[in-house]
Asker: 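For reference, the structure I am asking about is given below.
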Amino acid sequence: MQLRHGAAALALAAGCIAGNALAQSIKIAYIDPLSGAFANVGEAGASQFQMVIEDINAKGGVLGGRKLELVKFDNKTSPQESLIQFKAVTDQGIRYITQGNGSSVAGVLIDAVNKWNERNPDKTVLFLNYAAVDPDFTNDKCSFWHFRFDANSDMKMQALTSFIAKRPAIKKVYLFNQDYQFGKQVSRAANEMLGKKRPDIKIVGDEFIGLGKVKDFAPYVAKIKATGADTVITGNWGNDLTLFVKAAREAGLKSDFYTYYGGGLGTPAALGASAEGKVKQITEWHINIPNTPILPFAQEFKKRTKIDLYYGRVNVQMRMFAAALNSAGSDDPAKVATALEGMFLSTEIGDVEMRKDDHQLLQNLYISTFTKVDGKNPKYDLEGTGFAPHRHVELPHRLRCRPPAR
Amino acid sequence: MKGRPHLVAALPALACLVALPFVFPQGFALSLMCQMGIATIFALSYNMLLGQTGLLSFGHAVYFGLGAFCAMHVLRWAGGSGGGGAWVVIALPLVGGLGGLIAGIVLGAITTRRAGTIFAMISLGVGEMVASVAPMFPALFGGEAGLNANRVFGAPLFGITFGPQRQVYYLIVAWALLAAWGMHALTRTPLGRMANAARDNPERAQFVGYHPQMVRFLMLALSGFFAGIAGGLSAINYEIVTGESLGAHTSALVLLMAFIGGIGQFYGPIIGAVLVTFLQTALSQYTHAWLFYFGLFFLFMVLEAPGGIASLVQLHREPWRQGLLRWVWPQYALAALPVALTLAGLIGVVELVYRVAGGVEAGETSWKLFGNAIDATRWQPWALALLLFAGGGAWLRRAWSGVAWQWKMVLLATARGKDR
Amino acid sequence: MEFFLVSLLNGVSYGLLLFMLSSGLTLIFSMMGVLNFAHASFYMLGAYFAYQISTAVGFWPALVLAPLLVGVVGGAIERYGLRRVHRYGHVPELLFTFGLAYLIEEVVHLIWGRIAVDYRIPEALDFGAFQVFDSLYPAYRVFMMAVSIAMLGALYWTLTRTRIGLIIRAALTHADMVQALGHNVPRVFMLVFGGGCALAALAGVIGGNAFVTEPAMAAAVGSIVFVVIVVGGLGSLAGAFIASLAIGVIQTFAVALDWSLLDTFREVGWTGEAARAIGTIKLSQFAPVLPYILMVLILIFRPRGLLGRRDT
């Protein structure tokens with residue numbers, strides 16, 4: 001059952017006067033798919049947010065005893081529906097929103113937040129983005145009211161290409177992406193950065209496929225095979241990734257896959273053995289990095305929800321948010337935003353910094369390869385497949401991106 | 001039934017529409033009403049095809065979406081040049097309408113070559129084609145994120161900027177009334193009559209000297225026009241248009257609205273649009289299984305009330321005038337309890353399955369109802385739900401036969417009353 | 001050359017799968033006049049049933065049991081649902097199957113969740129069947145083709161050589177006469193509907209693990225199947241066969257071509273902003289849309305389809 005009772009919340013909002021504001025919980029609106037094709041991803045994210053918030057509350061809450069509270073809104077992964085839900089959010093007087101699934105949705109929400117804050121300066125809203133990685137959001141579309149806690153696609157590509165640059169065996173790269181902003185950004189960045197770091201590498205293909213449109217990847221694999229590519233870089237996620245890798249294995253394609261979302265919810269299960277030794281992913285954290293303090297949390301999460309923890313950054317985001325509330329000494333979004341700017345924090349997955357200029361989080365990134373789990377090293381498998389990301393390569397976190405413009 | 005009584009009824013209705021934003025001033029309620037207004041135009045335009053011309057379309061969103069994109073381009077262009085301000089916004093739905101009309105003319109020329117189920121299939125294919133081509137042209141359709149704009153620009157017109165939602169609401173109401181009037185007037189024209197003829201008996205229509213294909217084509221183009229108006233309004237209302245407004249989901253939704261509301265009556269789709277929009281927003285807040293209930297409701301309507309809600313209203317109308325409905329009220333009251341029990345049982349079973357199958361709810365197998373915790377992993381709630389469903393169902397069968405018998409009487413009496 | 005051969009094989013195997021789906025749809029349509037919107041949903045049910053059965057008793061029993069089960073479900077739906085709306089006409093029938101498709105998808109959500117289930121190719125078929133130049137062609141694809149062709153043969157044999165086939169063919173055109181001769185036409189209808197659903201399910205059983213078994217798989221092929229039967233000509237099995245293969249092969253080869261409109265525009269010397277806006281799309285990106293474009297072209301130049309006879 002959803003935790004949402006519109007009428008009750010409205011009454012609460014109406015009854016909220018300055019006097020008892022102190023006792024009020026601070027609400028965060030979670031605007032992500034809770035029904036439709038991506039509902040499982042949205043629900044998994046919500047469960048993790050819920051658990052971090054419970055943890056923060058159990059340790060005394062924020063601002064000297066106030067509690068955080070997650071309120072879920074279903075946007076059905078639709079930009080239009082997200083706007084409707086945003087209206088519901090502002091209606092209930094919620095001042096903080098978080099979203100992650102889909103750069104298309106995030107772009108629309110940033111616009112909506114900007115517009116709203118301009119029209120209602122006394123009721124401003126702050127947007128904490130945990131997974132939408134279009135680099136434009138911290139660049140051309142940079143907003144004071146938006147903070148991103150995931151490395152953007154350019155930063156991830158910097159890391160991937162630096163990794164590739166050190167591997168002379170890689171000669172021919174094939175780019176395989178989904179036909180929308182994010183996929184286009186991945187392809188552009190790969191072209192630019194590989195051209196700089198390894199001009200000798202030939203980019204033998206730069207393919208775009210309709211988002212979720214292709215069911216039979218065999219023809220694409222045949223095409224890649226014909227080019228003789230030894231490496232495929234792909235920003236694909238969901239079925240566009242799993243079907244692709246499965247088809248590649250079937251046809252005996254021997255190239256490696258450098259992915260953005262190889263460990264995303266449901267993907268390891270679908271990839272199964274076909275990923276072994278071939279699929280690499282880039283993340284801010286994964287379960288087989290030794291000695292990360294987040295491990296007990298991840299295990300508890302798995303026990304509670306039967307889902308493997310994927311977003312290290314959700315914890316980072318909520319810890320930073322709590323810290324910013326405390327250091328601002330207020331629940332006013334403008335003050336919290338100012339406190340977040342340039343904040344440095346030691347978190348469960350390492351040290352992170354919120355860059356002041358463009359509100360982009362700087363954090364460590366890891367490249368890992370899917371490997372058969374042997375119970376010791378790597379120790380933990382994903383989604384009961386017996387396979388997990390391993391043999392990580394850590395990358396320095398001060399990755400430079402293009403100079404920010406505000 | 002002619003002219004004047006309609007006017008008398010229209011005035012209070014109009015007053016209601018004007019007063020609504022003051023009764024429900026919350027932003028969320030207001031935007032819901034705006035959605036309903038847009039959906040009303042869209043569903044009515046759909047019924048020009050399904051109800052009046054007998055064309056079942058699975059791709060009507062194309063005209064809605066293309067209209068919306070046309071309007072959005074004009075809005076962006078006007079916003080960029082800063083000229084016109086509120087005037088542009090007021091006239092914008094017309095731009096959308098023209099976009100829909102042009103799309104209707106171009107695509108209708110292909111799709112209306114056939115009628116019946118074949119038209120349905122072709123409309124589906126054409127709809128899919130447009131929907132999957134659109135994302136390939138980001139310059140025109142904005143890709144996955146769609147196109148957005150700011151509806152507030154230029155000098156205010158008598159203080160109207162269309163910034164506040166309430167002003168947009170009145171704009172939508174005005175256009176909805178205008179469009180509904182237009183579509184209603186169209187049913188009285190020779191074209192509207194010929195559309196009915198082409199629906200019921202294309203051969204005879206041909207004998208009278210009309211070309212059914214031409215009639216279908218004209219109706220489709222005009223219906224595209226009105227769908228485009230709805231699209232233009234949605235561009236203003238949301239300040240964003242995305243590819244999904246062209247897609248199969250939107251097409252399916254408008255079909256559901258028109259059908260559930262009732263395609264046999266002009267006002268049917270209005271009921272459907274309001275109801276479906278409301279359910280969509282309200283139900284999804286309470287249960288993840290809302291799409292399932294929705295599908296079930298639709299199938300139930302197809303099987304038991306193919307005329308939609310409007311046909312049920314229509315059924316009660318004549319007995320009501322003759323005061324015969326009092327015969328059925330007691331029977332309805334008797335049936336109400338078993339209906340409620342059956343529904344409760346059904347909902348219980350569905351919710352329990354949802355919890356246990358756990359497709360969505362990550363591990364949450366228990367939830368609270370009226371303060372009591374229900375645990376789906378135990379057998380008691382299952383037994384209770386199944387018992388309710390089976391027992392309620394059996395009782396309902398008996399109670400319903402009473403209702404059916406009473407109705408037979410009422411209908412007989414009504415027919416006699418009419419004869420007199 | 002290697003690429004050409006592999007692509008041709010891929011195209012044909014995809015085309016045959018499409019035919020398995022469209023043959024059932026065509027049979028049902030030509031017999032009952034019912035356009036089964038939910039046809040692809042039975043394809044999906046087939047895949048899910050097969051997944052469930054194969055986790056319990058293995059793939060081979062699933063190959064037989066899943067289509068039979070779905071056939072029974074289909075027959076029941078015809079008997080208790082479709083037959084009741086039949087009296088209202090064809091459009092309500094179509095609406096019924098539309099609602100059914102919607103409901104089946106939700107039921108699948110309900111029972112199996114929203115993400116893909118792990119329905120795998122059986123170990124016994126997970127190897128390279130034969131060498132195409134220097135790459136192995138997967139055995140499972142060969143198996144898919146074999147099943148499709150076997151099914152095609154069986155269907156042909158049933159329709160032309162058996163008594164029930166005779167009745168079905170007679171009921172196609174002269175339902176009343178067949179009824180008058182003492183055959184139970186409604187039961188024949190039920191049988192055909194169930195049989196058509198079983199065919200779709202068989203396609204699901206062998207397609208579900210080759211591609212992916214997920215709730216969106218019905219919608220993904222549903223409209224393509226409609227395109228196939230419009231292009232092939234309504235009610236024509238041979239037409240559906242040709243159209244399936246054509247669409248399978250065309251789509252597969254379109255993927256391979258990196259030719260774009262921009263090249264053509266450059267040829268004729270048009271390099272403006274507008275040219276760049278619409279010209280940068282490659283034909284390979286266009287591949288998923290090609291079936292629809294083919295359908296529109298057919299409708300313009302040959303409205304009754306490739307081999308269609310009836311003009312409605």
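Hydrogens, waters and symmetry mates play no part in the numbers below; they use all other heavy atoms, side chains included. Letters A, B, ... are given to chains in the order of the sequence lines, protein chains preceding strands, and every chain is numbered from 1.
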Asker: Is there any residue in residues 235-245 of chain B with a non-hydrogen atom under 4.5 Å from a non-hydrogen atom of chain A, and which ones are they?
Answerer: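 Only B:N237, B:Y238, B:E239, B:I240, B:T242, B:E244 of residues 235-245 of chain B have a heavy atom under 4.5 Å from chain A.
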Asker: Does the A:T124 side chain pair with the main chain of A:N117, one donor and one acceptor, at a distance under 3.5 Å?
Answerer: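 Checking the backbone N and O of A:N117 against the side chain of A:T124, no donor-acceptor pair under 3.5 Å is found.
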Asker: Within the side chain of A:T267, is there an N or O that forms a donor-acceptor pair under 3.5 Å with the backbone of A:G263?
Answerer: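 A pair under 3.5 Å: no.
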Asker: With chain B as the partner, which of A:R119, A:Q181, A:E81 has the greatest number of non-hydrogen pairs under 4.5 Å?
Answerer: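 Most heavy-atom pairs within the cutoff with chain B belong to A:R119.
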Asker: Is there a donor-acceptor contact under 3.5 Å from the side chain of B:R76 to the main chain of B:L147?
Answerer: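 Not confirmed, B:R76 side chain does not pair with B:L147 backbone.
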Asker: Not counting sequence neighbours, which residues clear salt bridge (charged side-chain N to carboxylate O under 4.0 Å, His left out) with A:D179? List them please.
Answerer: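 Applying salt bridge (charged side-chain N to carboxylate O under 4.0 Å, His left out) to A:D179 gives A:K184.
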Asker: Going by the rule salt bridge (charged side-chain N to carboxylate O under 4.0 Å, His left out), which residues pair with B:R166 if we only count those two or more places apart in sequence or in a different chain?
Answerer: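 Salt bridge (charged side-chain N to carboxylate O under 4.0 Å, His left out) list for B:R166, sorted by chain: empty.
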Asker: So, using side-chain hydrogen bond (donor to acceptor under 3.5 Å, both in side chains) as the criterion, who are the partners of A:S153 when residues are at least two apart?
Answerer: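 Testing A:S153 for side-chain hydrogen bond (donor to acceptor under 3.5 Å, both in side chains), a comparison that skips the adjacent residues, returns none.
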Asker: Drop me the distance from A:Y30's OH to A:I94's CD1, to the nearest 0.5 angstrom.
Answerer: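 Going from OH on A:Y30 over to CD1 on A:I94, the span is 14.5 Å.
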Asker: Measuring heavy-atom distances to chain B, does A:I84 have an atom under 4.5 Å in its side chain, in its backbone, in both, or in neither?
Answerer: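 For A:I84, the contact with chain B is made by backbone and side chain together.
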Asker: Which region of B:S132, side chain (C-beta onward) or backbone (N, CA, C, O), has a non-hydrogen atom less than 4.5 Å from a non-hydrogen atom of chain A, or is it both or neither?
Answerer: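 Both backbone and side chain.
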